[in-house]
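Computed from a prediction, not measured in an experiment: that's the story for all the values here. Each chain gets a letter, A, B and so on, in the order its sequence line appears, and its residues count up from 1.
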Protein chains: 2
Amino acid sequence: MAFRSEILIKLDKKGRVLLPAAFRDELPADDRGAFVLYHSPTIPGLVNGNSRAGFDAMLERLRAEALGPKGSLKVALDDEAFDPAGYLSAGARTVSLEPDGRFTMPAEFVQALEATDGVMLVGKVEKFQLWNPARWQARRDAEREKMAAFVRGLSGGDA
Amino acid sequence: MAFRSEILIKLDKKGRVLLPAAFRDELPADDRGAFVLYHSPTIPGLVNGNSRAGFDAMLERLRAEALGPKGSLKVALDDEAFDPAGYLSAGARTVSLEPDGRFTMPAEFVQALEATDGVMLVGKVEKFQLWNPARWQARRDAEREKMAAFVRGLSGGDA
DNA sequence: CGGGATACAATGGGATACCATGGGAAAGTC
DNA sequence: GACTTTCCCATGGTATCCCATTGTATCCCG
């Protein structure tokens with residue numbers, strides 16, 4: 001259960017996008033009819049995706065981390081207190097998959113991506129990302145250098 | 001079963017508001033004819049909403065955690081003792097949904113929101129909120145910064 | 001092991017159903 | 001009887017369903 005690979009998918013004029021078979025297969029077997037899209041909390045113009053179960057699990061961990069064990073009652077009542085799980089939830093949408101594996105991309109996400117005719121789907125282990133193809137290109141180049149530097153920096157055999 | 005997304009809905013001249021399909025679907029399947037609206041206990045001008053079951057469950061937790069096991073008996077008898085659940089309940093109203101998914105917004109909530117022609121519905125996981133669109137805008141910007149700070153604060157890779 | 005035959009993945013498009021909204025008519029209500 | 005509330009119908013837009021097409025794996029068979 002891990003999202004891998006990067007795949008360029010068409011965004012047709014009806015706003016539909018195919019969730020590739022490789023990604024569909026990573027959704028829980030008992031819940032393949034829908035998944036969650038949500039805005040990246042740190043990178044504007046990036047959209048994340050996950051299974052409903054995966055997204056909910058993340059929110060749960062988030063609340064435990066941010067609020068401690070007794071936080072659930074407080075967060076349910078105190079609208080003034082900042083709730084990171086609530087923040088993510090507001091920027092998220094459950095989208096249902098058509099039988100053929102496609103979904104209609106909500107307009108807000110199309111806008112965020114500034115996608116015109118294609119979307120780059122990128123597997124990031126326990127979630128996946130939707131990128132504007134051009135922006136992904138740039139991001140990828142930057143990450144390649146960081147990765148090389150990171151590996152060189154690993155304290156290891158030679159040195 | 002979690003409220004997500006933010007949706008701007010019209011408030012028509014008859015005082016009607018549509019509960020979007022995405023939110024209706026989160027109401028319990030056996031009780032979709034009505035739900036609960038209640039004033040936020042911490043933010044004036046904010047209205048919260050939940051299913052009847054969800055609201056009741058919150059009151060129950062509130063009494064159990066805030067007052068202890070004997071609390072409910074005490075508040076049933078002692079009118080002098082402060083009962084947070086009773087307070088919330090007084091500021092709450094059950095509103096019924098029309099067959100087409102709309103409801104008439106009680107005047108007290110319209111006033112509280114100072115809503116004129118639109119209401120922003122925001123999913124907050126186990127409940128949702130009704131905001132004055134302009135105020136939500138401001139709130140959202142503030143939350144974005146808090147979220148960024150929160151993510152930075154997570155003990156992680158770089159440091 | 002070549003050559004189809006078959007299954008499935010990715011895409012396009014027409015027809016239909018549903019969502020969000022406005023407005024009129026009927027039924028209460030004071 | 002004026003006003004509010006509920007019911008019903010209308011409409012534009014979007015999403016969903018269904019069917020079709022093409023290309024590519026996979027399979028089977030001799």
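- Mapped onto DNA chain C by nearest heavy atom, A/Leu19 and B/Asp25 fall at different nucleotides, with A/Leu19 at the one closer to the 5' end.
- Per the geometry, CG belonging to A/Leu11 stands 11 Å off P belonging to D/dA15, to the nearest Å.
- Side-chain atoms of B/Arg4 do not come within 3.5 Å of backbone N or O of A/Gly91 as any donor-acceptor pair.
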Result block: side-chain N/O donor-acceptor pairs under 3.5 angstrom for residues 106-117 of chain B, not counting sequence neighbours:
{"unit_1": "B/Glu108", "atom_1": "OE2", "unit_2": "B/Arg93", "atom_2": "NH1", "d": "3.2"}
{"unit_1": "B/Glu114", "atom_1": "OE2", "unit_2": "B/Arg135", "atom_2": "NH1", "d": "3.3"}

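- Under the side chain to side chain donor-acceptor pair (under 3.5 Å) criterion, A/Glu6 pairs with A/Trp136, A/Arg140, not counting sequence neighbours.
- In this structure, the helix from C/dC1-D/dG30 to C/dC30-D/dG1 shows an angle of 40° between the axis at its start and the axis at its end, each fitted on 5 base pairs and rounded to 10°.
- Near-neighbour residues of DNA chain C inside residues 106-127 of chain B, defined by a heavy atom below 4.0 Å, are absent.
- In the model, A/Glu126 has no side-chain atom that pairs as donor or acceptor with a side-chain atom of A/Asn50 under 3.5 Å.
- The ring of A/Phe55 has its center no closer than 6.0 angstrom to the ring center of A/Phe35.
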Polar atom pairs between nucleotides 4-14 of chain D and protein, under 3.5 Å, N or O only, would you list them?
{"unit_1": "D/dT6", "atom_1": "O4", "unit_2": "B/Lys14", "atom_2": "NZ", "d": "3.3"}

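- Classified by interplanar angle (parallel below 30°, tilted 30° to 60°, perpendicular above 60°), the ring pair B/Phe150/A/Phe82 is perpendicular.
- Heavy-atom minimum distance, B/Tyr38 versus B/Ala92: CB-CB, 3.6 Å.
- When all heavy atoms of A/Val36 and A/Thr94 are compared, the closest pair comes out as CG2-OG1, 4.3 Å.
- Summarising the geometry of A/Leu130 relative to A/Leu46, their closest heavy-atom pair is O-CD1, 3.4 Å, with the distance given to 0.1 Å.
- No side-chain donor-acceptor contact under 3.5 Å links A/Arg63 to the backbone of A/Met58.
- For the pair B/Arg24 (side chain) and B/Leu19 (backbone), a donor-acceptor distance under 3.5 Å is present.
- Side-chain N or O atoms of B/Glu26 include none that pairs as donor or acceptor with a backbone N or O of B/Phe3 at under 3.5 Å.
- One finds a salt bridge joining A/Glu143 and A/Arg139 here, because a Lys/Arg side-chain nitrogen approaches an Asp/Glu carboxylate oxygen to under 4.0 Å.
- In 5' to 3' order, the nucleotides of DNA chain C bounding all contacts with chain A (an atom under 4.0 Å from a heavy atom) are C/dA9 to C/dA15.
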